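Below is one structure, written out as structure tokens; comments come after it.
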Amino acid sequence: MRNKFLTTITVAVCLAAGAAQPLRAQEPRRFPRPAPAPRSGTRFALAPDPAQQPPGGQHPLQALEDLRSELLSLADSVQQFAGLAPAELFDADSLQQARVQIQQMPAQSLNTLRKAIDPAKLHDRLLRARAAVAEYSKAVSGPKMIAGSMPSFSPGFPNASGLCTSANGTDVNRIPNAVVIAADVVFFIADVVRESAQDTCKEILVVAGEGGNTSLVCIPLDIIWIAAKAVDEGIHFCDDDLTGAVVDANYARLNHIHDDLANVQTGVNTVTTDVSNVSTQVSNVGVQISNVDTHISAVDAHITTLIAGLSAQLTTLQASVDLANQRLLKTIAGEQQIMKLELTPEGQRILLNLILACTGSNCPNVLAMCPGGVCSWNNVGPLP
């Protein structure tokens with residue numbers, strides 16, 4: 001998927017560059033042409049106010065240098081955001097060449113471009129966009145985006161492996177929305193400037209010394225537009241790729257958790273079987289005691305003289321049986337306490353003191369405190 005995305009961007013860059021050269025090579029028209037109405041500059045509020053237009057159409061030199069400075073700042077903004085996108089999408093050499101061409105752009109070209117772009121408005125929008133990425137860069141540092149994955153939380157737990165990581169290259173924390181929006185803003189600004197330059201390139205005037213090689217205006221701004229688009233698309237690609245990786249990992253993790261719960265259920269079933277066996281043994285003891293009572297009653301009819309002594313023996317036997325029954329109930333409570341300790345993480349295991357002091361019938365069932373009456377690993381309900 002990543003190779004396909006990079007190929008698409010490369011083809012788009014090549015087509016844009018190839019289409020730009022024939023336009024720049026055309027001979028300039030030798031007659032005036034009406035200036036079209038500003039388009040993107042007006043839509044994105046970069047067009048100057050009508051009151052800012054000088055009477056003779058020639059802006060002061062300082063105003064032209066301010067525009068040159070903001071165009072260089074636009075190139076630097078694209079360079080700054082390139083640190084958040086895959087390195088394969090960004091051509092630093094071409095962007096540097098565009099900066100040089102802007103530095104060498106003649107005043108007459110800047111004056112024509114100044115009619116469609118207010119450097120103060122351009123400065124304000126770039127300043128806010130660059131502030132967002134600068135604040136984010138303070139929190140992360142290191143190499144550009146490389147392949148990475150989310151850390152797993154237990155052995156065998158599936159990871160979310162995306163093609164890009166955050167700027168520090170060690171995790172896949174998502175780039176903040178404010179930074180993504182700021183990258184969109186930088187691209188939109190580059191698109192507005194390019195559209196305004198296209199109007200300038202199509203309007204070659206020979207009046208008042210204007211005209212000349214329009215490629216000095218259009219080619220560097222086309223390069224900045226291509227770089228800004230590639231960086232913006234790369235940032236969005238990494239964000240979308242991370243979303244897909246997290247969705248796939250979450251699905252795999254649900255399956256992993258399902259298998260873990262199935263293993264816990266098997267253990268619970270085993271414990272239930274053991275408790276049932278103990279209950280059966282207790283019932284057998286009760287039956288045996290009842291049989292003894294029957295035989296004693298039969299003997300009582302025939303041995304009247306021994307009834308007093310036999311009654312004493314039966315009382316002693318009943319006390320022993322009651323004591324055994326209480327010990328059995330305490331044993332069951334102790335086993336339940338052991339089960340809860342086994343399901344409690346190390347360092348959190350606490351023995352309920354009531355189990356040590358109970359007599360059998362009043363022993364607490366610590367497993368009844370599990371949510372829903374079903375205990376599982378690290379899900380044993382409130383600790384004493």
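These numbers were taken from a predicted model, which means no experiment stands behind them. Throughout, numbering of the chain's residues begins at 1 and tracks the sequence.
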Side-chain touch [X]/[Y], heavy atoms, less than 4.5 angstrom:
X	Y	answer
Val193	Ile224	no
Gln101	Leu71	no
Asp91	Ile226	no

So, the side chain of [X] versus the backbone of [Y]: is there a donor-acceptor pair under 3.5 Å, distance only?
X	Y	answer
Arg68	Met105	yes
Lys121	Ala47	yes
Ser77	Ser73	yes

Interatomic distance, [X] atom [atom1] to [Y] atom [atom2] [nearest 0.5 angstrom]:
X	Y	atom1	atom2	result
Gln58	Thr112	CD	OG1	8.5 Å
Ile102	Glu70	CD1	CD	11.5 Å
Arg99	Leu72	CZ	CG	5.0 Å
Asn111	Gln108	CG	CD	9.0 Å
Gln96	Gln79	CD	CD	8.0 Å
Asp184	Glu233	CG	CD	9.0 Å

List in chain and number order the residues that pass side chain to side chain donor-acceptor pair (under 3.5 Å) with [X], two or more places apart in sequence or in another chain; answer none if no residue qualifies.
X	result
Asp239	Arg174
Gln318	Asp322
Gln62	Asp66

For this session: Could you verify whether a donor N or O on one side chain and an acceptor N or O on the other, from Asp76 and Gln80, lie under 3.5 Å apart?
Result: no
Seminar exercise, completed: Grouping ILVMFWY residues whenever side-chain heavy atoms fall under 4.5 Å, the cluster of Val264 otherwise contains Val268
For this session: Return the minimal non-hydrogen interatomic distance between Asp124 and Arg128, and the atom names on each side.
Result: OD2-NH2, 2.9 Å
Exercise. Looking only at heavy atoms, what is the nearest atom pair of Pro86 and Gly234, with distance?
Worked result: CD-O, 3.9 Å
Name the atoms and distances for all side-chain donor-acceptor pairs under 3.5 Å in residues 364-380, with sequence neighbours left out.
from   : atom 1 : to     : atom 2 : distance (Å)
Asn365 : OD1    : Gln336 : NE2    : 3.2
Asn365 : OD1    : Leu367 : N      : 3.2
Ser376 : OG     : Asn379 : ND2    : 3.4

Problem set entry | Residue pairs fulfilling side-chain hydrogen bond (donor to acceptor under 3.5 Å, both in side chains) with at least one residue in residues 270-280, sequence neighbours excluded | none
Exercise. Can you tell me if CG on Asn177 sees more than 12 non-hydrogen neighbours from other groups inside 6.0 Å?
Worked result: no
